[in-house]
Protein chains: 4
Amino acid sequence: MDDSAITHLTEATREKLRQTVAKIERLEEEKKEVAEQIKEIYAEAKAFGFDTKALRQVIKLRKIDKADRDEQEMMLETYLIALGEE
Amino acid sequence: MDDSAITHLTEATREKLRQTVAKIERLEEEKKEVAEQIKEIYAEAKAFGFDTKALRQVIKLRKIDKADRDEQEMMLETYLIALGEE
Amino acid sequence: MDDSAITHLTEATREKLRQTVAKIERLEEEKKEVAEQIKEIYAEAKAFGFDTKALRQVIKLRKIDKADRDEQEMMLETYLIALGEE
Amino acid sequence: MDDSAITHLTEATREKLRQTVAKIERLEEEKKEVAEQIKEIYAEAKAFGFDTKALRQVIKLRKIDKADRDEQEMMLETYLIALGEE
DNA sequence: GTTGATCTTATTTCTC
DNA sequence: GAGAAATAAGATCAAC
């Protein structure tokens with residue numbers, strides 16, 4: 001960050017900026033960690049013998065379903081059965 | 001994933017599948033929440049008067065800088081080994 | 001894309017489609033050739049005794065540096081406008 | 001590039017290294033340009049009224065086909081007809 | 001309402 | 001062949 005560029009910001013504004021950047025970077029770090037945990041789950045599932053491509057499809061279908069349950073009834077039923085839920 | 005493929009999973013395997021799906025969905029929920037928090041920070045910053053486009057650039061630049069710094073740490077050593085010399 | 005959808009395209013449109021597909025395929029072929037040339041350069045470098053892993057890092061670092069420089073050019077100006085100051 | 005790190009390379013080797021890096025960077029630039037040209041073709045096709053999603057599928061199918069012609073005969077016939085080729 | 005930007009997912013590619 | 005990285009594709013959302 002180039003000091004000369006922000007010299008004429010008030011100290012309060014500069015402080016606000018610093019905090020904002022810090023918060024965003026911390027949250028992005030968190031997000032990254034969660035994303036890595038998800039990858040780990042998929043890796044474990046694969047090691048266990050699941051087809052991760054199919055697994056991803058299931059997740060996606062269930063996600064669509066949550067938003068759109070009414071229009072997708074047949075599909076819903078299909079994958080609920082697939083997951084062994086009745 | 002088709003019905004016939006699933007039907008003869010053992011109950012243990014089906015249980016494992018259920019747990020895997022549940023874990024992934026929970027983590028994706030977490031990730032989504034963090035993403036929303038990030039959006040909120042940007043919204044607040046905008047309300048405060050910051051230019052969010054520029055703010056995003058700052059974040060991005062700092063990320064590049066960090067990658068750059070990390071890489072440069074490895075680099076002196078690497079160059080020597082790397083360029084065919086010891 | 002289904003048959004019935006295509007059948008009643010005009011000949012002019014079909015010709016346009018053919019040309020479009022041909023152009024894309026030619027360009028993808030070109031891209032593939034260039035990628036192969038890059039691989040060859042790395043292979044030659046390796047044969048010459050260079051450590052290709054390090055070479056790749058050099059290329060990558062220079063790319064980051066370039067992105068960094070480009071971004072920094074925009075940055076002074078951007079910061080000022082950006083951070084809510086004129 | 002840190003001079004002190006490569007000082008003890010012979011001038012010939014350094015020159016070779018420079019040329020290698022330059023060649024790779026030039027080729028990567030070329031590759032990038034070709035990729036941009038492909039994007040342009042898709043943009044033009046879209047402006048013309050083609051469904052780019054379908055277009056991408058056609059390209060993909062034809063690519064698979066090239067590698068795998070025998071196993072894909074019915075599919076092949078379908079999209080050859082679709083493209084108006086007999 | 002359409003382009004543009006961002007973010008995420010998916011596929012491919014490369015290396016080990 | 002498996003894991004990581006690069007590239008491409010698709011989806012989403014804001015801005016003009």
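Within every chain, numbering begins at 1; the chains are lettered A, B, ... in the order of the sequence lines, protein sequences first and strands thereafter.
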Student: Rounded to whole angstroms, how far apart are CD on Glu36(B) and C1' on dT12(F)?
Tutor: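 Between C1' of dT12(F) and CD of Glu36(B): 13 Å.
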
Student: Under 3.5 Å, side-chain donor or acceptor atoms of residues 29-40 of chain B against the rest of the protein: list the pairs with distances, not counting sequence neighbours.
Tutor:
{"from": "Glu30(B)", "atom 1": "OE2", "to": "Arg26(B)", "atom 2": "NH1", "distance (Å)": "3.3"}

Student: Could you give the CD-to-C1' distance, from Glu40(A) to dA2(F), as a whole number of Å?
Tutor: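 Going from CD in Glu40(A) over to C1' in dA2(F) covers 16 Å.
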
Student: So, using side chain to side chain contact (heavy atoms under 4.5 Å, CB included) as the criterion, who are the partners of Lys23(D) when residues are at least two apart?
Tutor: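 Partners of Lys23(D) under the side chain to side chain contact (heavy atoms under 4.5 Å, CB included) test: Ile41(C), Glu44(C).
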
Student: Let me have a per-nucleotide readout for nucleotides 3-9 of chain F, 5' to 3', with B, S or -, counting only protein heavy atoms under 4.0 Å.
Tutor: ---SSSS

Student: For residues 12-49 of chain C, pull every pair meeting ring pair (Phe, Tyr, Trp, His ring centres under 6.0 Å), keeping only residues two or more places apart or in separate chains.
Tutor: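 Sorted result for residues 12-49 of chain C: Phe48(C)-Phe50(C).
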
Student: Output the rounded distance in Å from CD (Gln57(D)) to C1' (dT11(E)).
Tutor: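 Whole-Å distance recorded here is 15 Å.
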
Student: Quickly work out the Lys53(D) NZ to dG10(F) P distance and round it to whole Å.
Tutor: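 Distance check: Lys53(D) NZ to dG10(F) P gives 6 Å.
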
Student: Between Lys63(A) and Glu28(B) (salt bridge meaning N to carboxylate O under 4.0 Å), is one present in this structure?
Tutor: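 Salt bridge: yes.
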
Student: Sequence neighbours excluded, which residues qualify as side chain to side chain contact (heavy atoms under 4.5 Å, CB included) partners of Gln19(C)?
Tutor: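 Here the qualifying residues are Glu15(C).
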
Student: Nearest-Å distance, CG (Asp51(A)) to P (dA2(F))?
Tutor: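 Atom-to-atom, Asp51(A) to dA2(F), this comes out as 13 Å.
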
Student: Starting at CD1 of Ile41(C) and ending at C1' of dC14(E), how long is that distance when rounded to a whole Å?
Tutor: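 Ile41(C) atom CD1 is separated from dC14(E) atom C1' by 17 Å.
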
Student: Only counting residues at least two apart or in another chain, list the ones meeting side chain to side chain donor-acceptor pair (under 3.5 Å) with Thr52(D).
Tutor: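 Once residues adjacent in sequence are excluded, Thr52(D) has no partner under the side chain to side chain donor-acceptor pair (under 3.5 Å) criterion.
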
